[in-house]
Colleague: 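Let me begin by handing over the structure; questions about it come next.
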Amino acid sequence: MPPPLPGTCISAGRALPCSTGCGRGSRRGRSSCASRTPIASAARRSRCKPSSTGCAGWGSPGTRARKWADRTRLTSRRSAWRPTRSTPRRSSPGAVPTGAIAPRSSSTSCASRRRARSDITTQHKELQDEVILRADGVPLYNFGAVVDDVEMGITLVARGDDHIVNTPRQILMYQALGYPVPTFAHLPMILGADKQRLSKRHGAVSVLQYRDDGYLPGALVNYLVRLGWSHGDQEIFSLQELIEKFDWEHVGDTAGVFNPEKLLWLNQQWIKATPVPELARHVAPLLAQRGVQVDSERLARVLPPIVERAKTLVDMAEQARTFFEKGVRFDEAAAKKNLTPDTRPLLVEARDLVARRIGEGPHALEQAFRELATQRGLGLGKLAQPVRVAVTGTTVSPPLFETLVLLGRDEALARIDAALARTGG
RNA sequence: GGCCCCAUCGUCUAGUGGCCUAGGACGGAGGCCUCUCACGCCUCAAACAUGGGUUCGAAUCCCGUUGGGGUCACCA
C-alpha cells in the first residue's frame with residue numbers, strides 16, 4: 001500500500017495517525033448502535049456552489065469548512081510529515097489524528113427511499129479514515145457538505161443513489177460535530193439513452209438548453225418527477241399538484257432511462273393546457289431571437305391555431321413568424337406541384353373570393369370556398385391546397401381560412417398575387 | 001474484486017398475497033375524423049430475468065443464481 005498522503009483526516013476507528021495507516025488493521029468487532037433516520041417529508045436537496053450567486057452572507061463553503069476544522073480542533077497537531085518541494089508552501093497541517101468519532105466495531109444506518117422504510121447499514125470496518133481537509137487546507141466534499149448543510153439548517157438531504165456510500169461518513173461527521181443528523185433519502189438515478197448514468201460529467205445537458213429548445217419549465221419538471229415517482233396512472237401534473245401529491249412512499253427503486261420522446265409529448269400537453277397569454281410571453285423572445293419583433297396582442301391572436309400542432313415553443317415560433325413577415329418563401333417542391341398552369345384559374349377565383357369575403361371571418365370564407373369547389377366539381381381539398389401553398393409557401397399549415405383571416409386582406413392578396421406570378425400563365 | 005443498491009411491455013410505470021388470462025402512458029402498427037398537418041377517438045402487437053422455497057393461493061414474501069448499477073480519490 002502506498003504511504004498515505006498527508007492531510008487532515010478523521011478516523012473511522014480508534015484514534016490513529018492517518019499517516020501511519022489510516023486506521024487500517026485496527027480492531028474490528030460486531031455491531032449495534034445503528035442510528036436510524038426515517039424519511040419524513042419531501043424536499044429536494046439544494047446546495048450553493050462556491051462560484052454561484054445567491055450565497056451572499058454565507059461565505060464560501062470552503063472558507064467556512066476550514067474555520068470549522070480549526071474551531072473543532074480537527075487540525076490541532078502536526079505529524080512527522082514535512083512539506084516537500086512538490087507540495088504547496090501553504091500546506092501546513094499535515095496528518096492529524098483526530099480522536100475516535102465512531103468505534104470501528106459499530107455500524108451506521110441511513111434510510112434509503114424504498115417505501116420510506118428501508119435502512120442501509122454500513123459496517124464501520126468497511127469505512128476508511130476520512131480525509132476532511134487537503135494538505136493545503138482546502139476542505140473536501142463530504143466535510144464541506146456537512147458544514148454547509150449544518151449552517152443552512154438543512155433537515156432533509158435527498159440525492160441520487162450514487163451518494164449512498166457517502167451517507168454513513170456524513171452521519172458520522174454530524175455526530176462527531178454534535179449536530180442533529182438530518183433525514184437522508186436517496187432517489188434512483190437517471191440514465192441516458194445508452195443506459196449509462198446521466199450526470200454532470202456524462203451526457204447531461206444544461207437545463208437552459210431545454211429552455212432554448214422550447215420546453216416549458218413545468219413540463220420538464222413534470223417529466224423529471226415522473227421519472228422515479230408515480231401517482232397511479234396520472235401522467236400530467238401541475239406544479240401545485242406535484243407539491244401536494246409527491247410522496248416518498250411512491251418513489252421507485254430502479255434507475256430510469258431519460259426518454260426524450262415522452263418529454264416532447266408531455267411538453268405538447270403542457271402547451272395545450274397553458275393559457276395563450278402565457279405562451280405568448282414564452283414565444284415572443286424566441287421570435288425576437290429570429291429577428292421578428294411582435295406585439296403581444298397580435299401574437300396572442302395568432303397562437304391559438306398553432307397550439308394544436310406544436311410540440312415545442314420553438315415549433316410555435318417557427319409557425320408564428322409567417323404572420324409577422326411580408327411575403328413568403330416558397331418550398332420549391334410544393335410550389336412546383338401546386339402552383340401550375342392547371343391550378344391558375346382556381347387561384348384566380350380564390351383570390352377574388354378572398355378579396356370580397358375575407359372580412360366576414362373564417363367560417364363565411366370556408367363556406368364560400370366550399371360552394372366554389374362544388375361548382376367546379378371538386379373536393380374542397382383540391383381548391384384549398386393550392387391556396388395554402390400560395391399563402392404559406394408550404395403544404396402544411398394551420399387551417400387555411402383562419403390563416404387567411406389572420407394574415408389580413410392585404411397580405412393574403414399580395415401572397416396570392418406572388419404565387420400567381422409563378423404559375424407560368 | 002470488497003461493500004452496497006436494483007430487477008414488470010423497447011421506455012416511464014401501476015401493482016404492498018386472491019380484484020392480474022398483469023392496468024396506464026410514451027413510442028410502434030392499423031383505422032376513424034378531415035381543406036393540409038396536427039389534435040382527438042378506436043383497435044392491435046408488446047413485460048412479471050431465472051431456480052428453489054413459504055402459502056389453499058405469489059408479479060407481490062424468503063433464499064440462491066444470473067444480469068445491471070453505484071462506490072471504493074487530499075474529485076464532487
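Reminder, nothing fancy here: chain letters follow the sequence lines and each chain counts from 1.
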Colleague: Start at the 5' end of RNA chain B and walk down; is the nucleotide closest to A/G381 or to A/L227 reached first?
Modeller: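 The residue mapped nearer the 5' terminus is A/L227.
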Colleague: Please determine, for the side chain of A/R134, which listed nucleotide (B/U11, B/C5, B/C75) has the closest atom?
Modeller: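 Looking only at heavy atoms from C-beta outward on A/R134, the closest nucleotide is B/C75.
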Colleague: For B/C35, does OP1 or OP2 lie under 4.0 Å from any side-chain N or O of A/R370?
Modeller: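 Yes, within the criterion.
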Colleague: What nucleotide, of B/A73, B/U36, B/G70, holds the atom closest to the side chain of A/V396?
Modeller: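 Within the option list, the nearest is B/U36.
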Colleague: Picking from A/V389, A/T395, A/T394, A/V396, what satisfies side-chain contact (heavy atoms from CB on, under 4.5 Å) with A/T392?
Modeller: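 The single option meeting the side-chain contact (heavy atoms from CB on, under 4.5 Å) with A/T392 is A/T394.
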Colleague: Looking at A/Q269, I'd like to know whether one of its side-chain N or O atoms comes within less than 4.0 Å of OP1 or OP2 on B/G40.
Modeller: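 Yes, because at least one side-chain N or O of A/Q269 sits under 4.0 Å from OP1 or OP2 of B/G40.
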Colleague: So does A/T254 get a side-chain nitrogen or oxygen closer than 4.0 Å to the phosphate oxygens (OP1/OP2) of B/C6?
Modeller: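 No, A/T254 has no side-chain N/O under 4.0 Å of OP1/OP2 on B/C6.
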Colleague: From B/C4, B/C35, B/U13, pick the nucleotide closest to the side chain of A/F401?
Modeller: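 That would be B/C35.
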Colleague: Does B/C56 pair with anything, Watson-Crick or G-U wobble, both distances under 3.5 Å, and if so, with which nucleotide?
Modeller: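 Its partner is B/G18.
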Colleague: Got a sec: does the CZ of A/R290 have more than 12 other heavy atoms crowding it under 6.0 Å?
Modeller: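 Yes - once you tally the heavy atoms of other residues, nucleotides and ligands closer than 6.0 Å, there are more than 12.
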Colleague: Picking from B/C72, B/A7, B/A25, which would you name as closest to the side chain of A/W265?
Modeller: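 Closest nucleotide among those given: B/A25.
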Colleague: Can you tell which of A/I306, A/V307, A/L299 makes a side-chain contact (heavy atoms from CB on, under 4.5 Å) with A/L279?
Modeller: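 Between A/L279 and the candidates, side-chain contact (heavy atoms from CB on, under 4.5 Å) is satisfied uniquely by A/V307.
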Colleague: Counting only Watson-Crick or G-U wobble pairs whose two distances fall under 3.5 Å, which nucleotide matches B/G2?
Modeller: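 Pair assignment: B/G2 / B/U71.
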Colleague: Between A/R159 and A/T167, does the side-chain hydrogen bond (donor to acceptor under 3.5 Å, both in side chains) criterion hold? Intermediate values first, please.
Modeller: CA-CA 10 Å; A/R159 66 256 263 227; A/T167 306; 3.0 Å; yes
Colleague: Compare side-chain N and O positions of A/H250 against OP1 and OP2 of B/G15 and report whether any pair is under 4.0 Å apart.
Modeller: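 Affirmative; the distance criterion is met.
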Colleague: May I ask you to verify if any side-chain N or O of A/K272 is less than 4.0 angstrom from the OP1 or OP2 atom of B/G40?
Modeller: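 Yes, because at least one side-chain N or O of A/K272 sits under 4.0 Å from OP1 or OP2 of B/G40.
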Colleague: Is there a donor and acceptor pair closer than 3.5 Å between the side chain of A/E235 and the base of B/G24?
Modeller: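 Yes, a donor-acceptor pair under 3.5 Å.
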Colleague: Rounded off to whole Å, could you give me the CD-to-C1' distance for the A/E318 and B/A38 pair?
Modeller: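 Whole-Å distance recorded here is 17 Å.
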Colleague: From the options B/C75, B/U13, B/U71, select the nucleotide whose nearest atom is closest to the side chain of A/R197.
Modeller: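 The answer is B/U71.
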Colleague: Among B/A7, B/C5, B/C35, find the nucleotide with the atom closest to the side chain of A/D253.
Modeller: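 Nearest listed nucleotide: B/A7.
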Colleague: I want to verify a distance call: between B/A73, B/C35, B/G27, whose nearest atom is closest to the A/R388 side chain?
Modeller: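 Out of B/A73, B/C35, B/G27, the nucleotide with an atom closest to A/R388's side chain is B/C35.
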Colleague: Strictly below 4.0 Å: does A/K382 bring a side-chain N or O up to OP1 or OP2 of B/U36?
Modeller: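 Result: no.
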Colleague: Both distances below 3.5 Å, Watson-Crick or wobble geometry, any strand: find the nucleotide opposite B/G30.
Modeller: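 Checking every strand shown, B/G30 finds its partner in B/C42, with both distances under 3.5 Å.
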Colleague: Quick one: the side chain of A/D233 and the base of B/G23, do they pair up donor-acceptor inside 3.5 Å?
Modeller: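 Present.
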Colleague: Would you please confirm or rule out a distance under 4.0 Å between OP1 or OP2 of B/U36 and any side-chain N or O of A/R309?
Modeller: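 For A/R309, the contact criterion (side-chain N or O under 4.0 Å from OP1 or OP2 of B/U36) is not met.
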Colleague: Nearest 0.5 angstrom please: A/L172 CG to A/H124 NE2, how far?
Modeller: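 Here the interatomic distance stands at 4.5 Å.
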